*Asks:* 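Handing you this structure, nothing more for now.
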Amino acid sequence: MAEKTTIDHIRPNVEDAGDRMHKVAILAFDGVVPFDLSIPCEVFGRVRAPDGAPAYAVCVCGRRGAIQTRNFTLRAPGTLADIRSADTVVVPGIDDVERDMSPAVLASLRAAWKAGARIVSICSGAFLLGAAGLLDGRRATTHWIAAAELARQYPTACIEPDALFVDEGRLVTSAGASAGLDMCLHLVRLDHGEAVAADAARLAVAPLIRDGGQAQFIRQAPPRTTAGLAATLDWILANLDRSLDVRMLADRAGMSERSFARHFRDQTGSSPVQWLLAARVRAAQELLEITPAPIEEVARQVGFESPITFRSRFRRIVGISPIAYRRRFQTQTA
């Protein structure tokens with residue numbers, strides 16, 4: 001039998017608050033991701049105004065009775081009815097985006113939106129916002145691994161898979177895990193200013209503003225094919241350090257440049273130049289993670305003639321500089 005855990009320690013903050021404080025309702029539901037749920041509890045629950053008073057009244061809200069997560073059961077001190085009077089509603093991630101969304105939960109989100117609440121999601125919580133009809137015609141994000149599925153399910157939304165969070169005013173969505181912390185600190189900064197938010201960031205041992213987006217966490221291989229150009233793609237990957245151009249590659253494939261470009265796009269969905277750039281940046285990511293080679297040497301090994309060009313292209317694709325990437329992702333043995 002799953003261990004039952006309560007979160008009634010959140011309630012005193014609500015009961016002591018009165019009506020003067022910004023009320024944050026954190027939604028709990030079957031299948032909620034506990035880590036996502038804990039982030040807004042800790043961030044908003046610990047924020048203090050300049051006079052030392054709590055800045056938010058925080059309550060976890062859900063249906064009456066036990067709420068089942070993947071690993072344990074919890075009971076929420078607040079109810080779904082409490083969501084309708086909240087100033088901010090936080091929707092944590094759901095463990096399975098194919099799980100049936102609770103009609104009562106979706107109805108409470110629609111009611112809170114109609115009442116003027118700011119509604120925000122962490123990670124796959126964006127799927128609940130979509131199911132409630134709140135993403136239609138708006139920009140949003142979610143964890144990069146689920147971004148394509150969110151776009152498929154809610155085609156009228158504009159999904160930004162590289163963003164850590166997307167602020168659409170009353171609707172704010174964030175990517176996975178730590179991006180939820182970034183978003184919460186962003187909201188504190190909007191509500192209470194830079195100084196209060198900086199204190200909240202120090203308590204969380206996190207940067208107030210993190211550079212880069214989700215792209216820095218994604219090491220995507222360029223698209224491959226088993227069709228006629230497969231051997232040519234393998235040769236390119238084995239010769240990234242060489243000076244390569246479309247004419248050379250077309251000659252190797254035994255095609256005219258025009259025919260090669262057409263077949264290349266048909267088989268990979270990308271132009272030869274775009275594919276080659278993605279392959280070089282991916283190879284650079286691997287070298288930055290596992291070797292101590294200087295940036296100039298990394299650039300040379302993956303085929304960039306100029307370190308300046310390498311830095312520019314790398315930042316455009318990954319979102320941060322090669323040096324910053326190495327600091328974050330280099331292995332201990334490099």
Side-chain angles (χ1 to χ4, degrees), residues 24-33 36-37 39-40 61-63 80 83-84 86-184 186-187 190 212-218 220 223 265 268-271 274 316-317 319:
V24 176
I26 303 167
L27 188 60
F29 46 85
D30 286 337
V32 69
V33 177
D36 293 352
L37 185 146
I39 290 170
C61 303
R63 61 177 174 80
L80 293 179
I83 292 173
R84 305 185 182 196
D87 298 296
T88 294
V89 177
V90 183
V91 183
I94 190 168
D95 61 7
D96 181 359
V97 299
E98 298 297 331
R99 179 191 284 265
D100 290 336
M101 308 295 182
S102 163
V105 167
L106 298 181
S108 67
L109 288 175
R110 295 188 192 101
W113 181 260
K114 187 176 181 179
R118 177 174 64 190
I119 298 184
V120 307
S121 66
I122 298 175
C123 195
S124 53
F127 284 83
L128 277 77
L129 270 56
L134 302 182
L135 297 185
D136 295 344
R138 296 185 174 92
R139 297 180 305 122
T141 194
T142 187
H143 193 293
W144 62 266
I145 204 169
E149 179 61 19
L150 185 65
R152 186 192 69 79
Q153 290 191 26
Y154 305 104
T156 62
C158 179
I159 307 305
E160 299 186 2
D162 288 343
L164 291 175
F165 60 85
V166 174
D167 187 339
E168 281 278 79
R170 284 179 54 212
L171 190 93
V172 188
T173 53
S174 77
S178 60
L181 175 58
D182 296 322
M183 180 190 69
C184 289
H186 168 71
L187 297 178
L190 290 179
Q214 292 197 74
Q216 64 189 289
F217 302 100
I218 310 169
Q220 294 179 339
R265 186 173 290 278
T268 69
S270 174
S271 73
Q274 291 170 332
R316 182 178 300 177
I317 291 177

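We count residues from 1, following the sequence as given. This one's a predicted model, so the numbers in the text were calculated from it and none came from an experiment. Reckoned from all heavy atoms, side chains included, excluding hydrogens, waters and symmetry mates.
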*Asks:* In Å, rounded to the nearest 0.5 Å, how long is the span from CG of Leu27 to OG of Ser102?
*Replies:*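 If I round to the nearest 0.5 Å, the distance is 8.5 Å.
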*Asks:* Closest heavy-atom contact between Pro92 and Asp36?
*Replies:* CB-CB, 3.7 Å
*Asks:* Would the number of heavy atoms belonging to other residues, nucleotides or ligands and lying under 6.0 Å from CG of Asp96 be above 12?
*Replies:*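 Yes.
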*Asks:* Sub-3.5 Å donor-acceptor pair from the side chain of Arg170 to the main-chain atoms of Trp113, do we have one?
*Replies:*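 It does hold such a pair.
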*Asks:* Which heavy atom in Ala126 sits nearest to a heavy atom in Leu135, and how many Å separate them?
*Replies:*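 So the two residues come closest at O-CD1, 3.5 Å.
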*Asks:* Specify the closest pair of heavy atoms between Ala147 and Ile159, including all atoms of both residues, with the distance to one decimal.
*Replies:*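 Closest approach of Ala147 to Ile159: O-CG2, 3.9 Å.
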*Asks:* Out of Pro40, Cys184, Cys61, which one pairs with Val90 under the side chain to side chain contact (heavy atoms under 4.5 Å, CB included) rule?
*Replies:*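 For Val90, the side chain to side chain contact (heavy atoms under 4.5 Å, CB included) test succeeds with only one of Pro40, Cys184, Cys61, which is Pro40.
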*Asks:* From Glu149 CD over to His143 NE2, what is the distance, rounded to the nearest 0.5 angstrom?
*Replies:*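 Interatomic distance, Glu149 CD to His143 NE2, rounded to 0.5 Å: 14.5 Å.
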*Asks:* State the CZ-CG distance between Arg118 and Leu190, to the nearest 0.5 angstrom.
*Replies:* 6.5 Å
*Asks:* Could you measure the distance from the CD1 atom of Ile119 to the CZ atom of Arg110? Nearest 0.5 Å is fine.
*Replies:*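 One finds 10.5 Å between CD1 of Ile119 and CZ of Arg110.
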*Asks:* Does the distance from a Lys or Arg side-chain N to an Asp or Glu carboxylate O, for Asp30 and Arg99, drop under 4.0 Å?
*Replies:* no
*Asks:* What heavy-atom pair brings Ser124 and Gly93 nearest, and what distance separates the two atoms?
*Replies:*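 Distance-wise, the nearest heavy atoms are OG-CA, 3.4 Å.
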*Asks:* Would you check if Ile94 and Met101 make a side-chain contact, meaning some heavy-atom pair closer than 4.5 Å?
*Replies:* yes
*Asks:* What closest approach, in Å, do Gln274 and Arg265 show between heavy atoms, and which atom pair accounts for it?
*Replies:* OE1-NH2, 4.0 Å
*Asks:* Taking the side chain from Ser121 and the backbone from Thr173, do they hold a donor-acceptor pair closer than 3.5 Å?
*Replies:*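 Not at all, since once roles are kept as given, no pair shorter than 3.5 Å links the two residues.
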*Asks:* Between CG of Leu129 and CZ of Arg138, what distance do you get to the nearest 0.5 Å?
*Replies:*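 Taking CG in Leu129 and CZ in Arg138, the distance rounds to 9.5 Å.
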*Asks:* Can a donor-acceptor pair be found, under 3.5 Å and without considering hydrogens, that links the side chain of Tyr154 to the backbone of Gly133?
*Replies:* no
*Asks:* Taking Glu160 for the side chain and Thr141 for the main chain, is one N or O donor matched with an acceptor at less than 3.5 Å?
*Replies:*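 Not at all, since once roles are kept as given, no pair shorter than 3.5 Å links the two residues.
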*Asks:* Hey, are the side chains of Val120 and Phe165 touching, using non-hydrogen atoms and a 4.5 Å cut-off?
*Replies:*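 A side-chain contact under 4.5 Å is absent here.
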*Asks:* Find the distance between CG (Asp95) and CZ (Phe29) and round it off to the nearest 0.5 Å.
*Replies:* 8.5 Å
*Asks:* Mind checking whether Val33 and Cys123 have side chains closer than 4.5 Å, heavy atoms only?
*Replies:* no
*Asks:* Of the non-hydrogen atoms in Ser174 and Ala179, which two are nearest, and what is the gap between them?
*Replies:*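 So the minimum-distance heavy-atom pair works out to CB-O, 3.7 Å.
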